[in-house]
There are 2 protein chains.
Amino acid sequence: MNIGQAASSSGISAKRIRYYEQIGLIGPAARSAAGYRTYSERDLNTLLFVRRSRQLGFAIAEISTLLSLWQDRNRSSEDVKQLALSHVARLRNKIEELQSIVTTLQDLADHCGGDARPDCPILAELQGSKS
Amino acid sequence: MNIGQAASSSGISAKRIRYYEQIGLIGPAARSAAGYRTYSERDLNTLLFVRRSRQLGFAIAEISTLLSLWQDRNRSSEDVKQLALSHVARLRNKIEELQSIVTTLQDLADHCGGDARPDCPILAELQGSKS
DNA sequence: CTTGACCTTACCACCATGGGAAGGTGTAGG
DNA sequence: CCTACACCTTCCCATGGTGGTAAGGTCAAG
């Protein structure tokens, strides 16, 4: 299977596949006589694993670890769980941060006339006026 | 006031201030005879405005718009409100997305032994096993 | 005059991805 | 066989923000 086929089957663009290979996230693909990258079913499974990991928001470096664990029959599920939980913790922090911004901004917007007049508590807040 | 002073007063690193100037987010600073950037109180207010906007998660391009509106006495608060609300909507989407990931991942982690054995529903999910 | 803190520009790096150019390859139809 | 056209290759550039660092100029105090 060429890279285009692998891309559409895995849902990862050809561009990204090459990038993942370049940075060593996935091993170098086999090559045809003409130099075309060739992908096996096994390679495809790896790509799908990577894609699902990305969808769950893992960073490339984490996926690299996950891939090692995945391919290691002597892994301990503890390591995987630990990685997942620390990712979850990070996400929860991010959510809280965004939530607090949303609350602030929504509140400001609620008190903004939203008409043709220039007065606006949003700008006032950004300006830092402590009125 | 030199850039170092402006940086520590505004909470934006000198590096970032130069970057903001370079991309045109803020106007070019006045220069001393020796070529040092010089900042007035007014400039400092702008920097603080930018910093607060960043803290609320606005992208640079949006801050550019906010700055124009801020400096436009004939602005309509509608424009500001609209910008804020569309930002809020984007944030809400992002939060939902992250929340869904957290739920999934926490659930998987809950069902992972987290011991020395290799069995792990997290990896199974990433692998795509539909069992 | 020296020292040290500050400033300048200019470059490289990160993460993850998209775009595009310039050129080779593979295949199908005329 | 030739021509299209789809696909592949590598290479460079861009994004958004930021940090780092190097090579050099400036300023104030001692």
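To find a chain, count down the sequence lines: A is the first, B the second, and so on, and within it residues start at 1.
Here A:R16 does not reach the OP1 or OP2 of C:dA16: none of its side-chain N or O atoms lies under 4.0 Å away. The shortest distance between the side-chain N/O atoms of B:S13 and the OP1/OP2 oxygens of D:dG19 is below 4.0 Å.
Sequence neighbours left out, the pairs with a member in residues 56-70 of chain B that pass side chain to side chain donor-acceptor pair (under 3.5 Å) are A:Q127-B:W70, B:E62-B:R90.
The separation between A:Q22 atom CD and D:dT9 atom P is 13 Å, rounded to whole Å.
For B:R37 and B:E21, the salt-bridge test passes: some basic side-chain N is under 4.0 Å from an acidic carboxylate O.
Within a 6.0 Å radius of CZ in A:R42, no more than 12 heavy atoms belonging to other residues, nucleotides or ligands are found.
When heavy atoms are screened at a 4.0 angstrom cut-off, B:S32 is found touching no nucleic acid atom at all.
Donor-acceptor pairing under 3.5 Å is recorded for the side chains of B:S9 and B:Q5. Neither side chain, B:T38 nor B:N2, offers a donor N or O lying under 3.5 Å from an acceptor on the other. For the residue pair B:D110 / B:Q106, a side-chain donor-acceptor distance below 3.5 Å is found, with atom types taken as modelled.
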Protein heavy-atom contacts under 4.0 Å, written 5' to 3' over nucleotides 2-15 of chain C as B (base), S (sugar-phosphate only) or - (none), form the string ----BSBBB-----
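A heavy-atom distance below 4.0 Å to DNA chain C is reached by none of the residues of residues 88-99 of chain A.
Applying side chain to side chain contact (heavy atoms under 4.5 Å, CB included) to A:E125 and the options A:L108, A:D107, A:L105 leaves one that passes, A:L108.
Taking the side chain as every heavy atom from C-beta outward, A:E41 and A:M1 approach each other to under 4.5 Å.
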